[in-house]
Amino acid sequence: AGIEGRVIVQFIVNEQGEVEEPRVMRSIGGGADEEALRCVKEAEFVPGRQRGNPVRVQYSLPVVFRLQN
């Protein structure tokens, strides 16, 4: 389809490093948004820490789609 661009996905990383409430903040369409959400949902992160304790952290992740020639 020749679609390139950047999808911004915002989500919360909980105390166990799992992704919660992912949503697309900036869309490019063409199925790229759904693929970015799928990848983020499958990812595991290291939870944030405050004073040595794991805490929930909100994060925005840019996912770049680029075509190769």
Side-chain angles (χ1 to χ4, degrees):
I3 297 174
E4 291 185 322
R6 181 177 308 172
V7 176
I8 307 292
V9 180
Q10 187 177 66
F11 54 94
I12 295 172
V13 177
N14 67 15
E15 294 88 346
Q16 291 77 36
E18 301 164 345
V19 174
E20 295 180 352
E21 304 174 28
R23 61 182 179 264
V24 175
M25 302 305 291
R26 180 173 178 216
S27 172
I28 60 172
D33 305 340
E34 292 80 8
E35 185 63 17
L37 279 175
R38 185 190 68 79
C39 291
V40 167
K41 287 177 186 177
E42 291 181 8
E44 292 183 20
F45 294 86
V46 175
R49 292 196 170 271
Q50 186 173 28
R51 297 187 183 109
N53 299 320
V55 294
R56 292 167 46 101
V57 177
Q58 183 172 320
Y59 192 73
S60 295
L61 180 69
V63 180
V64 178
F65 292 90
R66 187 174 304 140
L67 296 173
Q68 298 290 326
N69 289 340

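Being a predicted model, the structure only gives us computed values, none of them experimental.
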Nearest-0.5 Å distance, CZ of residue R26 to CD1 of residue I8: 6.5 Å
Between CZ on residue R23 and CD on residue Q10, distance to nearest 0.5 Å: 4.5 Å
Quick one: ring pair (Phe, Tyr, Trp, His ring centres under 6.0 Å) pairs with a partner in [range], sequence neighbours left out?
range          : answer
residues 14-35 : none
residues 13-34 : none
residues 4-23  : F11-F45, F11-Y59

Residues that [X] engages under salt bridge (charged side-chain N to carboxylate O under 4.0 Å, His left out), provided they are two or more places apart:
X   : value
E21 : none
E18 : none
R56 : E20

Could you report the tightest heavy-atom contact between [X] and [Y], atom names first, then the distance?
X   : Y   : value
L67 : E4  : N-OE2, 2.7 Å
I28 : R6  : CG2-O, 3.7 Å
G17 : V13 : CA-CG1, 3.8 Å
N14 : P47 : O-CB, 3.5 Å
V57 : G48 : CG2-CA, 3.8 Å

SB check E42 R38 (cutoff 4.0 Å): yes
Same apolar cluster (I L V M F W Y, side chains within < 4.5 Å links), V19/M25: no
Among V24, V7, L61, the one residue meeting side-chain contact (heavy atoms from CB on, under 4.5 Å) with V40: L61
